[in-house]
Chemist: 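Before we start, here is the structure in question, set down as structure tokens.
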2 protein chains.
Amino acid sequence: MHDPKELKNAGLKATLPRLKILELFETSEQRHLSAEDIYKIMITNGEDVGLATVYRVLTQFEQAGLLVRHHFESGKAVFELNEGSHHDHIVCVQCGHVEEFCNEEIEKLQHKVAEDRGFKIHDHSLYIYADCIKTSCPHKN
Amino acid sequence: MHDPKELKNAGLKATLPRLKILELFETSEQRHLSAEDIYKIMITNGEDVGLATVYRVLTQFEQAGLLVRHHFESGKAVFELNEGSHHDHIVCVQCGHVEEFCNEEIEKLQHKVAEDRGFKIHDHSLYIYADCIKTSCPHKN
DNA sequence: GTTTGTGCAAACCATTTGCACGGAT
DNA sequence: ATCCGTGCAAATGGTTTGCACAAAC
């Protein structure tokens with residue numbers, strides 16, 4: 001199980017569903033998970049959780065800065081751990097495969113564009129950038 | 001009204017809803033429109049159209065390469081005219097305001113990242129890139 | 001014991017689909 | 001006469017909400 005302190009720091013009671021969901025993000029191979037993904041995994045693990053709770057917890061985690069929400073292509077939102085370091089995404093438009101990458105030059109150029117246009121970059125925000133490249137990838141689905 | 005040729009070229013019959021919707025994109029101040037946006041405008045203009053038709057036409061236009069679909073932040077998709085020239089988007093996370101920009105350097109860097117990772121860029125695709133910067137902007141909602 | 005979180009079911013919103021009618025060829 | 005496109009209503013899929021019960025402090 002997971003250390004409850006992380007949750008307390010975020011001002012959230014350390015309840016079972018919250019601990020489990022946070023743990024899931026920290027141990028899963030897949031970095032990007034949807035509410036449905038999480039729900040299914042938990043049910044499979046024999047935990048008695050409701051889909052509504054999963055949605056509520058994910059939103060709370062997002063607001064607390066523990067997770068970042070993305071929308072990519074599909075109709076459904078996916079979440080990933082917010083580890084501070086900003087990164088971009090490459091998304092395959094054919095199979096949905098997602099890869100992450102960091103590129104300082106791109107970041108700098110983007111910041112410059114935003115500033116030139118009077119946009120404010122707030123460093124505390126999780127949402128400063130969330131770029132994704134959409135293309136086709138060499139992975140089979 | 002609009003020139004039917006553009007539709008014929010795309011292999012689509014020049015019907016009234018299609019002509020009107022295409023015209024809307026070419027004359028509207030707002031470049032980015034949702035299905036709901038379009039439906040409301042048409043109803044207001046006294047046209048007898050169904051929301052389902054709007055969705056169908058938008059999808060057809062996307063497949064025909066006339067429009068590009070984006071997902072940005074909100075739960076709803078928005079569309080814009082596909083004018084060939086690729087551009088990125090800055091989206092304000094507070095008011096939803098969208099601006100477009102082109103930056104050759106960013107494009108090159110992104111292409112390089114994708115190629116280095118074995119992703120294939122298909123030039124005929126509308127979806128090669130659709131990056132957006134999410135930040136807060138100086139515009140009131 | 002009080003507050004806060006939870007599961008369930010119903011509600012909601014964007015989008016899609018089935019179907020019978022209507023218009024173009 | 002056939003084919004395709006349309007409007008409407010119903011279905012769908014992701015997400016949210018109301019409420020009574022249960023868990024955390």
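Below, all heavy atoms of this structure are taken into account, side chains as well, without hydrogens, waters or symmetry copies. Throughout, protein chains are lettered first and strands after them, A, B, ... in sequence-line order, and every chain is numbered starting at 1.
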Chemist: When you match B:A77 and A:D48 each to their closest nucleotide on DNA chain C, which lands nearer the 5' end?
Modeler: A:D48

Chemist: CG of B:L81 to CG of B:L66: how many Å apart, nearest 0.5 Å?
Modeler: 8.0 Å

Chemist: Can you confirm whether B:D88 sits close enough to B:F101 that some side-chain heavy atom of one is under 4.5 Å from a side-chain heavy atom of the other?
Modeler: yes

Chemist: May I have the distance from A:K76 (atom NZ) to C:dT15 (atom C1'), rounded to whole angstrom?
Modeler: 15 Å

Chemist: Is there a side-chain contact between A:I21 and A:M42, using heavy atoms and a 4.5 Å cut-off?
Modeler: yes

Chemist: Do the side-chain N or O atoms of A:T15 get closer than 4.0 angstrom to the phosphate oxygens (OP1, OP2) of C:dT6?
Modeler: yes

Chemist: Mind checking the CG-CD1 spacing from B:L24 to B:I41? Nearest 0.5 Å is all I need.
Modeler: 5.0 Å

Chemist: Mind listing the N/O atom pairs, protein and nucleotides 23-25 of chain C, below 3.5 Å?
Modeler:
none

Chemist: With a strict under 4.0 Å distance from non-hydrogen atoms of chain A, what nucleotide opens and what nucleotide closes the contacted stretch of DNA chain D, reading 5' to 3'?
Modeler: D:dG14 to D:dC25

Chemist: For the pair made of CD1 in A:I38 and P in C:dT6, what is the distance, rounded to whole Å?
Modeler: 14 Å

Chemist: Between B:K112 and A:E105, does at least one N-O distance fall below 4.0 Å, as a salt bridge requires?
Modeler: no

Chemist: Of the nucleotides C:dT15, C:dT17, C:dT6, which one has an atom closest to the side chain of B:L51?
Modeler: C:dT15

Chemist: Starting at CD of A:Q63 and ending at P of C:dG5, how long is that distance when rounded to a whole Å?
Modeler: 12 Å

Chemist: Output the rounded distance in Å from OH (B:Y55) to P (C:dC13).
Modeler: 13 Å

Chemist: What's the shortest heavy-atom distance between B:V49 and B:Y39, and which atoms?
Modeler: O-CE1, 3.4 Å

Chemist: C:dT6, OP1 or OP2 - any side-chain N/O from A:R56 closer than 4.0 Å?
Modeler: no

Chemist: Indicate yes or no: at least one non-hydrogen side-chain atom of B:L58 is less than 4.5 angstrom from one of B:R69.
Modeler: no

Chemist: Quickly work out the A:L19 CG to C:dT4 C1' distance and round it to whole Å.
Modeler: 15 Å

Chemist: Which pairs, with at least one residue in residues 33-42 of chain A and sequence neighbours excluded, count as a salt bridge (charged side-chain N to carboxylate O under 4.0 Å, His left out)?
Modeler: none

Chemist: When you measure from the side chain of A:R18 to the backbone N and O of A:V57, does any donor-acceptor pair fall under 3.5 Å?
Modeler: no

